[in-house]
Amino acid sequence: MFDTELDISARVRDDAIYTTMYTDPAVFEIEMKKLFYDGWTFVGHESEIPKPNDYVTRMIGREPVIMVRSRDGTISVVSNRCAHRGNMLCHQPVGSSRSFTCEYHGWTFSHQGDLIGVPLPGGSHKDPACLGLQKPAMVGEYGGFIFVTFNPDAPKLEDHLGAAKDLIDRLITLSPTGKIKLSAGWLKQRFRCNWKMLPENATDGYHAPFTHASFVRVFAPDSQYKMLSETENQRQSKTVDWGKGHVAIDHAPSYTVPLQWLGITEEKEPDYVGAMKDAYGDENALRKLVAGPPHATVFPNLFLGEMNVGIFQPISVDECILWHTPVLLDAVRSELNARIIRQSQAAMGPASFLLADDAIISERQQVAAGGRGGWMDLSRGRKREEKRGNVLWGHISDETTNRGFWSHYLKVMQS
């Protein structure tokens, strides 16, 4: 039905998506350039490389990169590909190194990507300044989250983030110091589906009572997830389109007391509550402790999954990886962070209650989309959305978030 990139606008309506948006390799190739290389994407968090010479390896789209903290404390991002013959420089996910040396011919590069050593230099005739590692055009940071773009003409990071800055602030200020740590280790799960199904599902509030029916029956009635078992009129949580592709499920309207989102009471964590009040003042601290963390997608690849951070990594048109790690709070009791880790394992671990269900649904969607194709409806809730300024608010079961994601997606793909 659709053959070229010029047809993308015909495949994305304001209330429906054509299935080839998930199955067409040509669309995937355009996404890599427009979204992951020309736009801003999340690469890592500063807490992952706390000491000089620490590094982690990541993928931006299909581009392997190294995020490293230099000896002066600055953070750099460089290509994980030797400028000589293209060998991967660092094959370990984490490490520490004063420089990067290629195992193929021994070329050595600085943390900033400069070529600083060539064995047997007598045969060299090119200027070393021309043989450094490729680098993103810009590296930006907000709240400890590191973003990159390969496009020198990209807008400023703050412009890209927009209201997502408030979502990040909401997460990091659950720590008395305003700092979080992503130091518990990452888990990765491979999905045999198109990568866009991950952000779609992550902020879909409609599916939980059905896809996660067993979890809802067993755990929801007596936990912080009580809202999942409520009727349509009882449910107070909202879907939110914050603009620029950043979308969220806001559970704050469902919470009535501090720390309900963590499944405990403030009496069980008096030191934490006291530290929050000292840091932010009594009224502001209690407001934060009632509202809890965000449940949001920061376009295109960052997931703020309440007390988890996730990365959506595309592999091919029908394969992707979800990275996820628990969010640990700075300056709190180790027992509180241990609880966060346990909850993360229960929700998103290898034998979790939620992630396995989502994986099965997404993979079945991909199989079904690969047939003759057809339109997928995204119209639920359009007539009952409420606009407050530039923000759209919908019922928890409305597809406000998916429409917000796809609206911005289309704008970027057509730019």
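Bear in mind the structure is a predicted one, so any value in this text is a computation, not a measurement. Just so it is clear, the values below take in all heavy atoms, side chains as well, and ignore hydrogens, waters and symmetry mates.
- Seen from the ring of Tyr55, Arg69 does not count as a face-on cation partner, given the 6.0 Å and 45° thresholds.
- Aromatic rings from Phe100 and His111 are positioned such that their centres are separated by under 6.0 Å.
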Practice item. Determine, step by step, whether Glu385 and Thr400 satisfy the side chain to side chain donor-acceptor pair (under 3.5 Å) criterion, reporting the C-alpha distance in whole Å, the side-chain angles of both residues, the deciding distance to 0.1 Å, and the verdict. Key: CA-CA 8 Å; Glu385 288 176 336; Thr400 303; 2.9 Å; yes
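- The shortest distance between side-chain heavy atoms of Met413 and Leu35 falls below 4.5 Å.
- The shortest side-chain heavy-atom distance between Pro314 and Met32 falls under the 4.5 Å cut-off.
- Annotation: side chain of Trp323 is not in contact with side chain of Leu187 (no heavy-atom distance under 4.5 Å).
- Ring centers of Trp375 and Tyr18: under 6.0 Å apart, within the cut-off.
- Among residue pairs with one or both ends in residues 63-91, those qualifying as ring pair (Phe, Tyr, Trp, His ring centres under 6.0 Å) are His84-His105, His84-Trp107; sequence neighbours excluded.
- For the atom pair CE (Met276) and OG1 (Thr173), the distance works out to 6.0 Å, reported to the nearest 0.5 Å.
- Side-chain atoms of Trp40 come within 3.5 Å of backbone atoms of Pro155 as a donor-acceptor pair (strictly under, hydrogens ignored).
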Exercise for review: Determine, stepwise, if the pair Glu29 / Lys34 fulfils salt bridge (Lys or Arg N to Asp or Glu O under 4.0 Å).
Suggested key: CA-CA 9 Å; Glu29 293 301 325; Lys34 295 283 190 176; over 6 Å; no
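- Contact record, Ile341 with Pro326: CG1-CG, 4.0 Å, taken as the closest heavy-atom pair.
- A heavy-atom distance below 4.5 Å is not found between the side chains of Asp241 and Thr401.
- With a 4.5 Å cut-off on side-chain heavy atoms, Leu259 and Glu269 count as touching.
- Here the shortest heavy-atom pairing between Ala202 and Phe312 reads CB-CZ, 4.2 Å.
- With Ser47 contributing its side chain and Leu182 its backbone, the two residues share a donor-acceptor pair below 3.5 Å.
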Review point. Does the pair Asp357 and His212 meet the rule for a side chain to side chain donor-acceptor pair (under 3.5 Å), with working shown?
Key: CA-CA 7 Å; Asp357 295 339; His212 309 303; 3.0 Å; yes
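- Leu304 places a side-chain heavy atom less than 4.5 Å from the side chain of Ile168.
- Note that CD1 of Ile66 is 12.5 Å distant from CZ of Arg58, once rounded to the nearest 0.5 Å.
- For Phe36 and Phe150, the ring centers are positioned 6.0 Å apart or more.
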**Study point:** Verdict with reasoning, Asp398 to Lys238, per salt bridge (Lys or Arg N to Asp or Glu O under 4.0 Å)
**Key:** CA-CA 8 Å; Asp398 291 346; Lys238 301 292 185 181; over 6 Å; no
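- Judged purely by atom type and a 3.5 angstrom limit, Glu266 has no side-chain atom pairing as donor or acceptor with the backbone of Pro258.
- The number of heavy atoms from other shown groups lying within 6.0 Å of CD (Gln112) is above 12.
- Remark: Met307 CE to Ile180 CD1 distance equals 7.5 Å, nearest 0.5 Å.
- Listed here is the closest heavy atom pair of Asn337 and Leu329: OD1-N, 2.9 Å.
- At a threshold of 4.0 Å, the pair Glu63-Arg81 counts as salt-bridged, since one of the basic side-chain nitrogens sits closer than that to a carboxylate oxygen.
- Of the N and O atoms on the side chains of Asn53 and Ser97, not one donor lies less than 3.5 Å from an acceptor on the other residue.
- Counting heavy atoms of neighbouring residues, nucleotides and ligands inside a 6.0 Å radius, atom CZ of Arg384 exceeds 12 of them.
- With Glu399 contributing its side chain and Asn402 its backbone, the two residues share no donor-acceptor pair below 3.5 Å.
- Remark: the backbone N or O of Asp24 is not paired with any side-chain donor or acceptor of Thr20 at under 3.5 angstrom.
- One finds no salt bridge joining Lys244 and Asp159 here, because no Lys/Arg side-chain nitrogen approaches an Asp/Glu carboxylate oxygen to under 4.0 Å.
- Ring geometry, Phe299 versus His408: the interplanar angle exceeds 60°, so the pair is classed perpendicular (tilted spans 30 to 60°).
- When all heavy atoms of Tyr409 and Val27 are compared, the closest pair comes out as OH-CG1, 3.5 Å.
- Atoms OG and CD1, from Ser237 and Ile396 in turn, are 5.0 Å apart once rounded to the nearest 0.5 Å.
- Lys181 has no carboxylate O lying under 4.0 Å from a charged side-chain N of Glu48, or vice versa, which leaves the two without a salt bridge.
- Contact check for Met348 versus Leu354: no side-chain heavy atoms found under the 4.5 Å cut-off.
- Dense packing is recorded around CG of Asp15, with more than 12 heavy atoms of other residues, nucleotides or ligands lying under 6.0 Å away.
- The minimum heavy-atom distance between Gly106 and Thr101, with the atom names listed, is O-CG2, 3.8 Å.
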Practice item. Starting from the C-alpha separation in whole Å, work towards a yes-or-no answer on salt bridge (Lys or Arg N to Asp or Glu O under 4.0 Å) for Arg339 and Glu335. Key: CA-CA 6 Å; Arg339 181 181 184 86; Glu335 290 82 0; over 6 Å; no
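- Within 6.0 Å of NZ in Lys179 there are 12 or fewer heavy atoms belonging to other residues, nucleotides or ligands.
- The side-chain heavy atoms of Pro176 and Asp330, taken from C-beta on, include no pair separated by under 4.5 Å.
- Residues Thr149 and Asn151 bring no donor and acceptor atom of their side chains to less than 3.5 Å of each other.
- In this structure, Thr239 contributes its side chain and His395 its backbone to a donor-acceptor pair below 3.5 Å.
- In this structure, Phe147 has its ring center no closer than 6.0 Å to that of Tyr142.
- Contact check on Glu158 versus Lys156 returns no salt bridge, with no Lys/Arg side-chain nitrogen under 4.0 Å from an Asp/Glu carboxylate oxygen.
- The shortest heavy-atom contact between Ala252 and Asp250 is N-OD1, 3.0 Å.
- Tested against Tyr272, the residues Ile264, Leu262, Leu336 include a single side chain to side chain contact (heavy atoms under 4.5 Å, CB included) partner, Leu336.
- Side chain of Ser397 to main chain of Gly205: no donor-acceptor pair is present (N/O by atom type, distance under 3.5 Å, no hydrogens or angles).
- Counting only residues at least two apart or on different chains, the salt bridge (charged side-chain N to carboxylate O under 4.0 Å, His left out) pairs with a member in residues 189-206 are Glu31-Lys196, Arg190-Glu319.
- Leu392 contributes atom CG, which lies 11.0 Å from atom CH2 of Trp242 (distance to the nearest 0.5 angstrom).
- Panel note: side chain His246, backbone His160; a donor-acceptor pair is recorded below 3.5 Å.
- Arg388 has a carboxylate O that lies under 4.0 Å from a charged side-chain N of Glu386, or vice versa, which qualifies the two as a salt bridge.
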**Study point:** Test side chain to side chain contact (heavy atoms under 4.5 Å, CB included) applied to Asp318 and Thr23, step by step
**Key:** CA-CA 7 Å; Asp318 57 2; Thr23 61; over 6 Å; no
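- At least one donor-acceptor pair under 3.5 Å links the side chain of Thr19 to the backbone N or O of Gly374.
- Between the Arg403 side chain and the Ala16 main chain, no donor and acceptor come within less than 3.5 Å of each other.
- Rounded to the nearest 0.5 Å, atoms CD (Gln365) and CE (Met197) are 4.5 Å apart.
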